[in-house]
Amino acid sequence: MWIYRRLAKFSWKDKKTSQEVCKHLGTRRELVNTIKARKIKYFGHIKRHASFLKDVLEGKIEGSRPRGRRRRRWIDDITEWTGKDIHQCTVEAQDRAKWKSVSSQPLE
């Protein structure tokens with residue numbers, strides 16, 4: 001964001017929010033969407049191969065879970081962003097062309 005502030009010639013003392021700076025320049029913050037798209041593509045890559053990463057992703061590692069609230073899982077992000085359950089995502093990830101169409105859809 002600091003580069004946008006420099007382009008717009010806003011000082012840090014001007015107390016402009018990041019949203020105001022982006023609106024002034026007519027840009028959007030794309031980093032989060034890029035991360036989401038890459039994470040979805042990587043999920044498809046892992047699901048197509050039989051590897052240790054697939055076991056880790058599916059949670060088939062032995063051991064006990066610590067007390068308290070469950071942590072946010074990697075798979076929770078995938079199901080939330082695609083709007084499908086994990087079984088549907090796994091089936092679609094096996095077909096590369098179908099998964100590519102899922103991962104190329106715009107994310108919020």
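FYI, the numbering just counts along the sequence from 1.
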Counting distance only, does the side-chain N/O of Asp14 pair as donor-acceptor with the main-chain N or O of Ser11 below 3.5 Å? yes

Correct closest heavy-atom pair for Phe43 and Cys89 would be CE2-CB, 3.8 Å

Where does the angle between the aromatic ring planes of His45 and Tyr42 fall among parallel (under 30°), tilted (30 to 60°) and perpendicular (over 60°)? parallel

If two hydrophobic side chains count as joined below 4.5 Å and joins carry through other members, does Ile35 share a cluster with Ile40? no

Can you check whether Cys22's main-chain N or O pairs, donor with acceptor, with Arg28's side chain at less than 3.5 Å? no

Neighbour count above 12 (heavy atom, 6.0 Å) for Lys39 NZ: yes

List the steps and the verdict of side-chain contact (heavy atoms from CB on, under 4.5 Å) for Trp99 and Lys47. CA-CA 11 Å; Trp99 189 250; Lys47 284 298 196 174; over 6 Å; no

Same hydrophobic cluster for Trp2 and Leu25, using side-chain heavy-atom links shorter than 4.5 Å among ILVMFWY? yes

Could you go through the side-chain contact (heavy atoms from CB on, under 4.5 Å) check for Lys84 and Val102 one step at a time? CA-CA 10 Å; Lys84 301 174 183 181; Val102 169; 3.7 Å; yes

For the atom pair CD (Glu92) and NZ (Lys100), what is the distance rounded to the nearest 0.5 Å? 16.0 Å

Step-by-step side-chain contact (heavy atoms from CB on, under 4.5 Å) determination, His24 to Phe10: CA-CA 10 Å; His24 178 76; Phe10 288 141; 3.9 Å; yes

Using 0.5 Å steps for rounding, measure from the CG atom of Asp85 to the CD atom of Gln88. 4.5 Å

Taking atom NE2 of His87 as the centre, report whether more than 12 heavy atoms of other residues, nucleotides or ligands fall under 6.0 Å from it. no

About how many Å separate OG1 of Thr82 and CG of Asp77, when rounded to the nearest 0.5 Å? 10.5 Å

Which atoms form the tightest heavy-atom contact between Gly44 and Ala93, and what is the distance? CA-CB, 3.9 Å

When hydrophobic residues are tied together by side-chain contacts of less than 4.5 Å, even through go-betweens, does Val91 share a cluster with Trp81? no

Enclosure of Gln19 CD (heavy-atom neighbours >12, cutoff 6.0 Å): no

So, for Ile86 and Ile75, which heavy atoms are closest and what is the spacing to 0.1 Å? CD1-CG2, 3.0 Å

Sub-3.5 Å donor-acceptor pair from the side chain of Arg5 to the main-chain atoms of Lys16, do we have one? yes

Counting heavy atoms not belonging to Arg72, are there more than 12 under 6.0 Å from its CZ? yes

